[in-house]
Each structure stands twice: as C-alpha cells, then as structure tokens.
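Following: one structure in structure tokens, then a few remarks.
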Amino acid sequence: MDDFPWLSLLIALPAVGALALALLPKGSDALAKRLALAISLVVAALTVVLAFRFEVGGPRFQFAEKYWWIKQFGVHWGLGVDGLALAMIVLSAILVPLVLLASWNAADRYGGAGEPPASAGDGTPARTRSAKAYFALILALEAMMIGVFAATDVFLFYVFFEAMLIPVYFIIGYYGGPQRSYAAVKFLLYSLFGGLLMLVAVIGLYVLSARPPAQGGLGEGTFMVDQLARLDLDPTTAKWLFLGFFIAFAIKAPLVPFHTWLPDAAGQAPAGALVLIVGVLDKVGTYGMLRFCLELFPGAAKWATPVVLTLAVIGIVYGAILAIGQIDLKRLIAYTSISHFGFIALGIFAMTSQGQAGAMLYMVNHGFATGALFLVAGFMIVRRGSARIDAYGGVQKVAPLLAGAFLISGLASLSLPGLAPFVSELLVLVGTFSQYQVAAVVATTGLVLSAIYILWAYQRTMNGPTADAVKGMPDLSRREVAVVAPILAIIVALGFYPRPVLDMVNPTVKQTMSRVQTQDPAPTVAEKGARP
Amino acid sequence: MKAEGIQALAWLLIALPLASAAVLLLGGRRTDRWGHLLGTLAPVLSFVLGLAMFVQMLGYSGAERRRAVHLYEFFSVGGFKVDAGLLLDPLSMTFVLLITGVGSLIHVYSIGYMSHDANRRRFFAYLNLFVAAMLLLVLADNYVGVYFGWEGVGLASYLLIGFWQHKPSAAVAAKKAFVVNRVGDMGLAIAIMLMFATFGTVGFEQVLGTGAHHEGLATQLSTGTATAIGLLLLLGACGKSAQLPLQSWLLDAMEGPTPVSALIHAATMVTAGVYLIVRSAPIFEMSPDAQLVVTIVGAATLLAGAIIGCAKDDIKKALAGSTMSQIGYMVLAAGLGPAGYAIAIAHLVVHGFFKAGMFLGAGSVMHAMNDEVNMRRYGGLAKIMPITFVTFGLGYLAIIGFPGFAGYFTKDLIIEASWAHNPVLGACAILGAAITAFYMSRLMFMTFFGEKRWAEDAHPHESPPVMTWPLVLLAVGSVFGGAFMILGDRFMHFLEPVVGAPEHHHGFDPLAPVGLLTLAVVAAGVALAWAMYGRRPVPVEAPRGGVLTKAARRDLYGDALNESLLMRPGQWLTRLTVFFDNKGVDGLVNGLAAGIGGTSGRVRRVQTGFVRSYALSMFLGAALVVAALLVVRV
C-alpha cells in the first residue's frame, strides 16, 4: 500500500474539471462535453485500478489519508475505503461517463439534459439551458459522491452529504420538467431537514467525545469514525443520536414515510441525472445506516430494529403497489426504487451476514439495474416528448433494440435469475428469513408485485399495435447502444458471477456483524458431524 | 462421485443452446438467413451429447450412476454457500433426453411452421433459451440452481407466449403466465429460505442424500417443517405445472405459436412441477399431510382439466385442458410416495411424446386451415392430411389408453396405484380416464371425420416433410414408449437408484380388475363421443349447452374467480394507495413542513429566491456548528 493520496485525487479530478468547465467561455459546449467525458473516463479507470489494488482481507480501510482540516475543532480530511465504500465509488464512477454520454445529443438539441424545455408554468417562456453547465454540475456531483463514500471523518461526511444537494438542486431546478421548481425545492427541504438532524447528532458525538474517559468520552473531541466507535454512550443518548442519523438517512434512502420527495423529483428531473440521484445518491442513505447507525450505535440499532423492519416491509409492498398504479414512467421507476430500498433496509437490519451482504450487493446491483431502466426510459421519453405510459404502445415493433434493452433492465428490476439483482434479493430474503420469518414472507410478495409493475408497464408501452404517435420512432443510436450495452453486460456478468462484489463487501459484513455483536442463527437440523 | 469422461462435459448441454440463443439475439438481422439452422443444430448437438452420457451411465452400476459436475462457486456468504453445479443421475438423464430429443424434433418442425414469419430467427433464439433454462432446471444440484432454471423457463415461456406481441391478447396472456407463475415461484423461494434456515444448505446431496434410501438431512425433519417445505414446493409446482389453484394461465398461453405449446406447454416445462416433487421425495416422505395434499391437487386437476377439455371448440385449448389433466395424473402419482414416483415420470415421458405429437399435429392442421383453431370449422380432414391424421390418431390411442399403446401402460399403473392407496383417488383417476376418452374422441371426430365445415377460403393440404417427419417420430414414441418402459419394469429399475423401489410391486398386469374397469369406462367415453359427434353432424355454431358446459367453456370460472377475488380488489387497493400516498402521506409531510416554515404558500414562494435561502440555511448550519464547537472548547 503506497501513500499516494488516490482518494483525494479521485475527488479533485472531477471537482477541478467542473470548475474548468464553468470557466470555459460561452459557446464552447462541444469542447466542454468532450472534456467532461474525458475526465469522467479517467476517474472511472482510476477507480477500477483501485478496485484491483484493493486487498481483500487486508486492513479495513485502505488508501487511507488523514490530514488536519480544522485543527481547532478536531476536523480531519480523513479518507479511506473498505470494500463497500469502494464498490459504491466504482459504481458511481462507471455510471457518470455513461450518463454524460447519454445526455450528449439531447443536450445539444434541447440545451439541457434531454427533455424538451417546457415552460415553467408561470408564464415565463422556455429557456434554452447550457449544456456546459449541465456537464459541469454532473462532474461536481461526482466529486461529492466519491467524497461522501470515502469520508472517514463524520464532519467531512456531513459536508459532502450536504454539498451534494447543491448540484442536484440545480440539475432538477434548471433542467427538469414543468414542475421542476416545486420538485427541486421539495427535494432540498426534505434533505435539509434530515441534514440538520444529522448535524445535531454529529455535534453531539463531538461533544461527547470531548469528555474525559472517566465519563465515557475520549478526552479529546474528534470526528473520526474509528475513534467515535470507541465511545461509551449511555443507551438513551445513543438512541437520540441514532435517530438523528437514521432519519437523515431514511429521508435520503428514502424509506416510507419519508419518500414522497422522490417520485416528484423523478417526475421532473432529467432521466440521466436520475440515474445518479436514484442509482447512487440515495444509496448514501443506506450506506450511512450501515456505516454510522450500526457501527456507532449498535445497541440503539437493535432497539430500533422492529420499527425499521416494519417500515422496510411496508416500503417493499407499498412502493410496489404504488408503482403499479403510476401513469408516468419515471415516477413508476421511482416507486419501484422505494420498494427496492425497502429490501436494502430489510437486509441491513435483519442483522445476519446474508442480509447484510445481500443489502450491500443490492446497493450496487440496484444502481446498475435502475440506472439502465432510467437511461432507456429516458431515450424513449426524449423521442416522444412525454413520460406518460399511455403516450406509447407497440414500440417493440418500431424500436426493437430499445424495447429489448428496456425489457432486460426491467427483468433485472424484478430480479430474474441470471441478472445481478436476483442474487442480492435472494440473499436479503434468506438472511431475513433466518431471523424474522414473517417479515421475509411478506417481503416475498414483492416477487409477484414487481412482475406486475414491470411487465404491465412493458406491455402498455412496448406491446400491442403501434400507436400513431410512436410510428417512425427511431431505434437506439450507436451512441445510445454504447451507453446501455456496458451496463447490461455488467448486470448479466454479476448475475452469473457475483463474487467480485461479494468478495469486496464480505469483510465489511464481518466487521458490522461483530460490531453489532450478532451471530447468524444456526440451522435447526445441522449435519450430524457438525453438531456440537 | 465426480463425473468423468464425456459426462464431465455436462455443462455443454446447457451452454450449446445458450450460446446459440446469444448469437441469434446479439447477431440480429445478420443471422436471419441461417439463424433457424443454428438454432436447430444446438439442441440436436445437446441431444447427441446427452445420448453419449446416457450410454456412459448405463455402463455404471446403480449406485455409481450419480455423478456430480462442479462448475464454480456461485456465491458464499456466512454459512450460505451455493455452487454452480450439475447432477447427472437417472432422473435428470431422463429429462435431458426428453427435453433435447422432443425439443430437437420441435425445432425441426418449427423451421417449416415459422417459415413465413419475419422474426423466425428470434423465435429460434427464444426456443434455444428455453432449452438451456429447462436443462439447467433438471440438471442443477441444488435448489437455488433449480430456481435459476425455474424462472429461466418462465422467462422463455413469457417471451414465446407473447411472441406475436402486436396482438394485445398475446401480450396479456404472456404477462398473465409470468405473474401467475411468480405466485408459484414465491412458494419455491420461501421453501429455499426455510430449507436454509433448517439445514443451513440447499444442496441436493446434503438435504436429500445420495442414495435410494434418502439418508440426507431431510430424514431428520420434524413433521411440521416437512409439511411446510412440502406445501411450499407444491405451490411452486402448481404454478409451473398449471395445477389448481394456479391453473388459469395455461389455457391463455395457447396464444403462443403452436410449436411453443407443444414443447413448453405440453411436453417439458409444465412437467417441471412433477420433477420438483419427485426430486424432493425425501422431504415429502417425512410428511404424509403434504403428500395427501399433493394427491388431492393432482386428482382435482385431472378432473378439472378433463372437464374443461370437453367443452372447448378451440383445438389448442382442448389439448391444453388435456395437458392440465394429464399432469394432474402425474402429480397424483408423485403424491403416492415410492409406489408412484417412477410411474409419474414414465407417464411424463410418454405424455411428452404423444402430447407434443398431437400439438404439432394440431399445428399442422392449423397451418393447412389458415390458422383456424375452431374445430367446428374442421371436419373430414383425415383424407386430405393422411400423415397428420395417422400420427395424431396414434397419439390419440396412446392418450386414451388403448391397449398396447404408450398411455395404456403408464396411466393404468397410476390408476392401479392410486386405487390401492385410496379408493377415492382411484375413482377420480378412473373417472378422469373416461372423460379423457370422451373429449379426445370428440376432438378426433370433429377434426378428422364427418362432413367438411371449412371456411370458404380454406384449401387444406398436407404439411411439408420438415413438419411431418417430427410427427412420425413422435408417433413412434406414442406407440412403443409405454411398452418399452413398463414391460419388464425397465424404467422402474433405471430410476431405482434415485427414487427407490416400491414396497409391494408386482409389475404390469393386463388382467387386473381395476385395469379392466378402466378399459370399460374408456370404451364408454369413446362411444358417447361417437354418439354425440361421430354419428350426428356437428353444428358450426356452438349450442348453448348446459350449466356444466358453460362453466367448462369458461375454464370452470377460474378466471372469474381470480378476477373477483384478486384482480378487482387489487385494482381498488392500488387506486386507494395512490390516492392515500398523494393526499395522505405527502400532504401530511408537506403540511408539517409548511407548519415549520410558515404557510404552505410560503414554501412555494421560497422557490424564487431559493439560492439565497439555501445559502442562508447553510450559513445557519455552519454558525450552529461553530457555536457548538466553541461551547465545547470553552
């Protein structure tokens, strides 16, 4: 392990790139797009290199960096990744160039992210937005996403967590559909509210760590996660601090009942950005639950388990039923994700190694599967200028590649074996069942509901006689194929061979399991030889 | 034991059709010219390979016939370790030969049947995909692998039922098949969870044991857990095999091209449930209750399917009802325990021959009649389509159990075994045989005999050789398959290393009283059909019919029941939930936010200067942090 600050470089590259793009003169959109793509490809290549250099079974946090940032307040620029964090960073870094490429021509045509510029609804005429700024915002978002997953200092995590909101706010608010302002503000208010609660908890942790060891503190205020984990908290305090973190993450993930910002944001945001918002950004919520809620407050996490599991199971079923009832394709996909986030939370709080590993794998797989779904839906929506399901029909006939890509992404979303999400969903269910049978059985109804929401949407948009408005719709272009094909290839590869990701996250699972002091239940009928 | 020699290549059985499917799908239109040839070659090669493995297996003694092929570790988390591994044993071998053998014939037939379809290449790709998934289902050496193939064949079935996706009815039928199957899959999925929680593994070797005596972990199951796992597996079997109460999708699945109905919805996929039950025998044997439910489901479905078959005028739907019914027989036999496993599989194999043959024959008729499916529009086709008529007729004799033909041996054994087990079950099976004779005779008379009732533009003709040769070969199986397998207990001995031997077994007896009774009721069924459809002219318009006829035409109200119990309440629930989410949850949270931030109007107005507000809140947050830090420091 060398001391080169790889992670800082990964954050700096897109951040500097975003700045450079912003400073380019007006009218240099073409150059800006190429530059942005080049930077994102370099970042992706670097993360893949890191993934190969990551030592499974090595130290917990690798490529670690630790510098004083605000020494007076004990704030570090502390970075480091374990398998889970690295997997999420690789996911983000692979998706960003594809999202940029997906927005390529649409950005030219509409000066934005792919949807025809609609009037804001308040009488102002539609404006053409700058493609340059859009690409810069995506790069900025990439920097924050890498930062948030790499941070090992809670304060630094909080800063990235909040700063992520800024590019997303502008992406929704400037490049979204007719209701974009409402959606952007709603997104921001929800997130800010959660962020504030977390901030309080973060400060609380700092205050407690500053207490002398005799009172359960560390003698010196700090924000470093590994040190905070050694705090001796009294149960009541731990519960309050847990809630501060948990609510912030439950809003971000989002869990029912904190979910209503997501469909609105999804309905308005450009499809490309949604890949990042739903595919990666929301995972910060579930990531935070694993990293902070479970590791810092294991006792409180166990205390909250019944409630969280209930919310998770409700989310699985409720989100799926809502998805079935949607008439807007992007909102539908958003609701399917709410259902999937229920599965992730279920796996995390089932507190078995299968559940946890399943949840972590789910976070990666869902990023690819839902990313693919949003991308393909976005291609179709750009062509037709509407996200309404009833605006389509019989697309399969005119655009078979597009329909095929949509079907494969959809089948991934309903966790068909052979596609990546199957393994993660199976692991979550198996892991949950061994502790909480009823929760697992109710969650299994998600199998049927997901078949209904995906295949019904497919039937209404792609099957049947070709609708007049769809006739002449062009099939996927080469550029679009180049965007979707890698994701689908990854989904199939991980569907048959999930071990690369599982090997990476398994040490994290062990760590969390020992932190929450839980062991997997033993089988009731064990092998004769293995019986104690 | 590890597989050696050519058996070590068992993965190729699956890989060949899978690779072919991939080439055809990814190659796109470029492969149109030769796609159907590649698509046919793949299952044929698999069949040849399978034959070689079969020959190798015959060289081993009984206990050595179980051979494992380990491919790679699929995943391993905590104690949950699942390998991608295959198991070659007499049971899986039987299926390999059936799937690739009948599958190859149906591929050949499809070259002719689909020759006018612009998307023939895609059709072959999906068929190949099916063959690969089905082979995985029967070859997998653990339940997760079975589930993999189980859903894989479900996907292929979905794609093929909806092959003519521009037809809304086909698209709806495809979706329905997948969704109903998913209900069954839920059962299999929960069974897997329960097995892991119980055994800590889902491998056949550990759970079921390796020999005929079932010395696996399953023998230590408590009755309650065994019943639970058994019923969950049965739910999965009901979905895939169209048994009550998950039968409703199969009749709609006839929207798919006829070769699909023959291969997937008659000969192979729908029999997967029987495979699952027989494979899991050690679990079912720990729970008499679960076995009882299996036999009840089988008996009820064999009657329901037969009754539905009597009332259908659509030749494919009549055959689909018959498929339900025949699989009912197999499930019934599989529920009988060791007395029934081998005969269930034997009936499954010969059913694969005669039902695939009859479906392909029906396709040949439809091909000749401009895709007309209404038997009231057929009549007198025997002379015009002699090969189709003769091969179909042989299949007919096989299914009704005419002495000497395949079904005679296998069905008779099922009836005798169920009679010995429980006279009520036996009576159901005998009654089913009578109804089978009736509806199949009705189908024969309406299609091939009597006066011509053709549409004006119909010019029937015999099908080309590429379609008739598969019919001939399948007919050979329909005639000789039963005698070959049953006489001398050949097949029972072959399967013995897997399913064990029945306690009191006394071979096939043509003069057993139950068998003679069956023959008598079969004759009565044929006679009744002749009286109603052979002697009298068949009206082109269907008569109104009695209560039972009306019910049977509507699939015994299966769909109506689903609609009123599940679909409509489901639609209401969805609407209600959407309303609740928009008004209730969202409204509540927005109201809360508005309460904190002022009026809801202000929340909306904030938009205009929002960047400033955001900066302000960031600033406030930062100020809070600094203040707090200062407090702590001081």
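This one's a predicted model, so the numbers in the text were calculated from it and none came from an experiment. Values below: every heavy atom of this structure, side chains too, minus hydrogens, waters and symmetry copies. Each chain gets a letter, A, B and so on, in the order the sequences are listed, and its residues count up from 1.
For the atom pair A/Leu449 CG and B/Met186 CE, the distance stands at 9.0 Å (nearest 0.5 Å). Within the model, atoms CG of B/Leu159 and CG of A/Leu407 stand 6.5 Å from one another, a figure rounded to the nearest 0.5 Å. To the nearest 0.5 angstrom, A/Phe433 atom CZ is 11.5 Å from B/Ile192 atom CD1. In this structure, the separation between OH on B/Tyr158 and CG on A/Leu411 is 7.5 Å, given to the nearest 0.5 Å. The line from CD1 of A/Ile454 to NZ of B/Lys175 is 13.0 Å long, rounded to the nearest 0.5 Å. With values rounded to the nearest 0.5 angstrom, B/Ile190 atom CD1 is found 4.5 Å from A/Thr444 atom OG1.
Residue contact with chain A, scored on non-hydrogen atoms closer than 4.5 Å, involves the backbone and the side chain of B/Val172 alike. Both the backbone and the side chain of B/Ala171 come within less than 4.5 Å of a heavy atom in chain A. Only the side chain of B/Tyr72 comes within contact range of chain A, with heavy atoms under 4.5 Å apart. Contact annotation for A/Tyr458: only side-chain heavy atoms (C-beta onward) come within less than 4.5 Å of a heavy atom of chain B. Interface remark: A/Pro465 contributes backbone and side-chain atoms alike to the contact with chain B (heavy atom separation under 4.5 Å). Only the backbone of B/Ser76 comes within contact range of chain A, with heavy atoms under 4.5 Å apart. For chain A, no part of B/Leu136 is nearby; none of its heavy atoms comes within less than 4.5 Å. Contacts of A/Ser450 with chain B are made by side-chain atoms alone, with heavy-atom separations under 4.5 Å and no backbone atom involved. Proximity to chain A (any heavy atom under 4.5 Å) is shown, for B/Leu194, by both the backbone and the side chain. Only the side chain of A/Leu502 comes within contact range of chain B, judged by heavy atoms closer than 4.5 Å. Heavy atoms of A/Arg460 lying under 4.5 Å from chain B are absent altogether. Contacts of B/Gln571 with chain A are absent, with no heavy-atom separation under 4.5 Å from either backbone or side chain. With a threshold of 4.5 angstrom between heavy atoms, A/Leu426 approaches chain B through side-chain atoms but not through N, CA, C or O. Looking at A/Ile452, the atoms closer than 4.5 Å to chain B (heavy atoms on both sides) sit in the backbone and in the side chain alike. In this structure, chain B has no heavy atom under 4.5 Å from any part of A/Met513.
B/Phe148 and A/Phe496 have tilted rings, their planes meeting at an angle from 30° to 60° on a 0 to 90° scale. Between A/Phe422 and B/Phe74, the ring planes lie parallel to each other; the angle is under 30°, not in the 30° to 60° tilted range.
Comparing A/Lys397, A/Lys510, A/Arg499 by how many heavy-atom pairs each has under 4.5 Å with chain B, the most go to A/Arg499. Interface summary for chain B: among A/Asn506, A/Asn463, A/Thr432, the most heavy-atom pairs under 4.5 angstrom belong to A/Asn463. When each of A/Gly464, A/Ser353, A/Ala451 is scored by its heavy-atom pairs under 4.5 Å with chain B, the top score falls to A/Gly464. Heavy-atom pairs under 4.5 Å with chain B peak, among A/Ser434, A/Gly418, A/Ala357, A/Ala184, at A/Gly418. When each of A/Gln354, A/Arg211, A/Gln356 is checked for heavy-atom pairs under 4.5 Å with chain B, A/Gln354 comes out on top. Of the listed residues (A/Val423, A/Val448, A/Leu447), the greatest number of heavy-atom pairs within a distance under 4.5 Å of chain B belongs to A/Leu447.
The two residues A/Ile321 and B/Thr577 have their closest heavy-atom pair at CG2-OG1, 3.7 Å. B/Glu151 and A/Pro417 get closest at one heavy-atom pair: OE1-CD, 3.1 Å.
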Run the numbers on A/Val441 and B/Met193 for side chain to side chain contact (heavy atoms under 4.5 Å, CB included), then give the verdict. CA-CA 9 Å; A/Val441 169; B/Met193 299 174 212; 5.9 Å; no
